[in-house]
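Everything below concerns the one structure shown next.
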Amino acid sequence: MGSFGRCVGPADGFGLERPKVCVTFNREWASITALIVTIRDLPMRRRTFLASLPLIAAVPSLARAASATGAPPVNNLQRPDMHGGDRIAGASYASRSPVWGRSGAAATAHPNASLIAVDILRKGGSAVDAAIAANAALGFLEPVSCGVGGDCFAMLWDPKTKQVVGLNGSGRSPRGLSLETQRARARNGHINAYGAVSVSVPGAVDAWWELHQRYGRLPWADLFEPAIALAEQGQPVAQTIAYYLKASHQRFTMPNQGIEEVENFKRTYAATGATPREGEIFRNPDLAKTYRKIAAGGRAAFYEGEIADGIERYFKRIDGWMTKQDLASHHAQWTKPLVTNYHGTDVYGLAPNSQGLSTLQMLNILENFDLPGMGFQTTASLHHQIEAKRLAFEDRAKFFADPDFGKIPLEWLNSKDYAAQRAKLIRPDRILTPVYAGQAPSHGDTTYFCTADSDGMMVSLIQSNYRGMGSGLVADNMGFMFQDRGELFNLNDGHPNLYAPGKRPFQTIIPGFACKDGAPLLAFGVMGGDMQPQGQAQVIINMTDHGLDVQAAGDNPRWHHEGSSEPTGEPQDGVGTLRLETGVPQATREGLAALGWKFGPSDGGFGGYQAIQRFEGRYAAASEMRKDGLALAY
């Protein structure tokens, strides 16, 4: 249930701000939490303002009346019997309408980052410039998901070549960390989730540099000025970010986590002994200093200069393995994305070591069924989607790895013929068990955001520290955490994702992109580990098969299936666990239960969505209610 409030008085057509009254009450109606009155040209809204006064004055008496009853306090935040307000237009379950603009758009996981991206576009920057500036800001604003200690993948529409291009910015494992050491320090046969054994070379800054060298318009240093100002001056912490910061603090400070030191984490993110709560001001002057060095020295500052020296000293101090040579040898790779056609829409995905192919495989399988005929959010439709996921994820577990260390049968895995064979395994009246990966022929997670500019360039970019904010390690006086992507290697001999020094681990982060009739259609993504291909497929199905707009396609209630085999070596867990958001119809739930699906609670692991859809001469942008994000267009 959201807060009760309304703002009246937009700017008038002459550039004068009309009187604006924003009144917000807390969820118990106990008190006014905000009253903002801006008065220019007061007569324009005098009646509206005066009409608000009785309601404002009534609130304290309402609170007193409630307290006088002596009733126990009620938790009005968790109300499964309630839903949001009713919209007069658009999808009834959408949180709002799409945001429209002609010149550019940005959709990120934080309002300030979206505002920075639009400011960069208005200054003449490209969509790539806007994406880099937004990503740098998110490294401060949303440290639970991203930062310069993580990796980066991107797809974009190049309006000059009229092609979708891809960039793989994932880093490699330290060359001094052997397979024998990993096995000796493993827990339950898997690489530890935290500490130095989980750290691979951060690829984000190099990816930004590659993108800017090819597509940037504004000076490199200008892109970091907004993030530096935010980090130095501080900003109130958003709700979801405060929640995950607290959870990270609890996890990293637990005993026996395998983290070599946590004092730097506590000094950076919990200087008062606790992480900042929602609305409290957070500053990160160390990160601002790091950004200043990157702004002045470019890629070299991070991978070859003063920052690289500091990283090497830090890992030497804690008996880790990352060296300056590991950093200096890192370079992102430009790639040609994979593509499939789903009901007339070309959907793109990055090849392994990313899991982008899983989205395409799911859609290839589902194209063999009449999902529109099955109906929207029905038992039959969701059952077939979940089974397609299970089939695709067994291939993901068996084949996906660093292509530099082995051949992956990409053409076969993405073929329509193979998808048709897999589709024949799905039964409408039962769950397929067990599920096996295909037999290849013998011859052959995270913040997401997107930007678009007036030249038609659209950028789909995802950047992450991976699980739970990262490894728990923060370099001395640098203000950022190192990723724990190295956890995603396999320790079993013969597996293509077997750990090796200087190798890229399997990656969960995947940007999304779609085209239609040779023109860009959609830059989109869904954050959240194995939820990403599941969420991407659901978005494409919602828009292509069910006609939802770009906002409703993301707000639509999602399913999330867990328990498939993993590239890290975990076997499938029976039919797995199916989680449904509360908005899924009750009849659909009952139908899925009758088929034998095992439900888990709705745990918030349904990802976070941003998207920009292109129309002729304009853009529609969307974010969603699951995160703290915002879409803007102009």
Side-chain angles (χ1 to χ4, degrees), residues 98-138 152-167 169 204 207-227 332 334 337 346 348 447-463 511-525 550-551 609-623 629-634:
V99 178
W100 291 89
R102 297 187 61 185
S103 299
T108 82
H110 196 286
N112 280 335
S114 298
L115 182 61
I116 287 168
V118 168
D119 284 345
I120 291 292
L121 292 172
R122 284 179 161 173
K123 291 177 181 178
S126 68
V128 158
D129 290 330
I132 295 169
N135 200 170
L138 288 166
C152 176
F153 287 78
M155 284 193 289
L156 62 86
W157 175 261
D158 185 336
K160 292 183 179 179
T161 64
K162 299 189 181 305
Q163 291 181 330
V164 177
V165 298
L167 182 68
W208 296 350
W209 183 258
E210 286 289 329
L211 288 164
H212 186 262
Q213 290 295 102
R214 185 177 291 195
Y215 297 109
R217 283 204 294 257
L218 296 182
W220 168 261
D222 291 2
L223 308 182
F224 293 86
E225 290 179 359
W334 291 100
D346 292 324
Y348 292 80
T447 195
Y448 172 81
F449 53 94
C450 44
T451 56
D453 64 28
S454 58
D455 291 337
M457 180 180 290
M458 298 177 69
V459 177
S460 177
L461 193 149
I462 194 162
Q463 202 261 303
F513 209 96
C515 294
K516 193 173 183 66
D517 300 328
L521 174 67
L522 187 69
F524 74 111
V550 68
Q551 181 68 46
Y609 164 81
Q610 263 80 234
I612 298 174
Q613 185 177 4
R614 176 188 173 273
F615 295 84
E616 188 63 36
R618 61 202 191 279
Y619 296 110
S623 186
L630 177 70
L632 295 173
Y634 72 103

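Position 1 is the first residue of the sequence, and the numbers go up from there.
Annotation: R618, atom CZ; neighbour count of heavy atoms from other residues, nucleotides and ligands within 6.0 Å is above 12.
A cation-pi arrangement, defined by a distance under 6.0 Å to the six-membered ring centre and an angle within 45 degrees of its axis, is present between R214 and W334.
Residues T447 and I462 are not in side-chain contact: their nearest non-hydrogen atoms beyond the backbone lie 4.5 Å or more apart. When side chains are defined from C-beta on, V164 counts as touching C515, because their heavy atoms get closer than 4.5 Å. Here the side chains of V550 and Y609 are in contact, with some heavy-atom distance below 4.5 Å. Between V118 and Y634 there is a side-chain heavy-atom pair separated by less than 4.5 Å. Looking only at side-chain heavy atoms (C-beta outward), L630 and T108 stay at 4.5 Å or farther from each other. Using a 4.5 Å heavy-atom threshold, the side chains of W157 and S460 count as separate.
Annotation for A117 and A130: closest pair O-CB, 3.5 Å, computed over non-hydrogen atoms. Considering every non-hydrogen atom in both L167 and A332, the closest pair reads CD1-CB, 3.8 Å. Nearest heavy atom pair, residue H110 against residue L138, reads CB-CD2, 3.8 Å. Considering all non-hydrogen atoms of both residues, Y448 and A523 come closest at OH-C, 3.4 Å. What you find for A131 and L461 is that their closest heavy atoms are CB-CD1, 4.5 Å. For the residue pair Q551 and A622, the shortest heavy atom distance occurs at OE1-CB, 3.2 Å.
Taking the ring centroids of W209 and W220, they lie under the 6.0 Å cut-off.
With respect to D455 and R217, a salt bridge is recorded, a charged nitrogen being found less than 4.0 Å from a carboxylate O.
With rounding to the nearest 0.5 angstrom, the CZ atom of F513 is 8.5 Å from the CG atom of L521. Interatomic distance, CD of Q463 versus CZ of F449, reported as 7.0 Å (0.5 Å rounding). We find the CG-CD1 distance between L121 and I116 to be 12.0 Å, quoted to the nearest 0.5 Å. Here the CD1 atom belonging to I612 is positioned 6.0 Å from the CE atom belonging to M458, to the nearest 0.5 angstrom. Between the OG1 atom in T451 and the CG atom in L632 there is a gap of 12.5 Å [rounded to 0.5 Å]. The distance from atom SG of C152 to atom CD1 of I132, rounded to the nearest 0.5 Å, is 9.0 Å.
At least one donor-acceptor pair closer than 3.5 Å links the side chain of D129 to the backbone N or O of S126.
Using cut-offs of 30° and 60° on the angle between ring planes, the pair F615 and W100 is tilted. Using cut-offs of 30° and 60° on the angle between ring planes, the pair F224 and W208 is tilted.
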### Message
Evaluate L522 against R614 for side chain to side chain contact (heavy atoms under 4.5 Å, CB included), listing each step before the verdict.
### Response
CA-CA 6 Å; L522 187 69; R614 176 188 173 273; over 6 Å; no

### Message
What verdict does the side chain to side chain contact (heavy atoms under 4.5 Å, CB included) test give for M457 and V128, after you've listed the backbone C-alpha separation in whole Å, the side-chain angles of each residue and the deciding distance to 0.1 Å?
### Response
CA-CA 8 Å; M457 180 180 290; V128 158; 3.9 Å; yes

### Task
Evaluate the salt bridge (charged side-chain N to carboxylate O under 4.0 Å, His left out) criterion for residues R122 and D453: first the C-alpha distance (whole Å), next the side-chain angles of each, then the deciding distance (0.1 Å), finally the verdict.
CA-CA 9 Å; R122 284 179 161 173; D453 64 28; over 6 Å; no

### Message
Assess the residue pair D158 and Y215 against the criterion (side chain to side chain donor-acceptor pair (under 3.5 Å)); give the C-alpha distance rounded to whole Å, side-chain angles, the decisive distance to 0.1 Å, and a yes or no.
### Response
CA-CA 9 Å; D158 185 336; Y215 297 109; 2.9 Å; yes

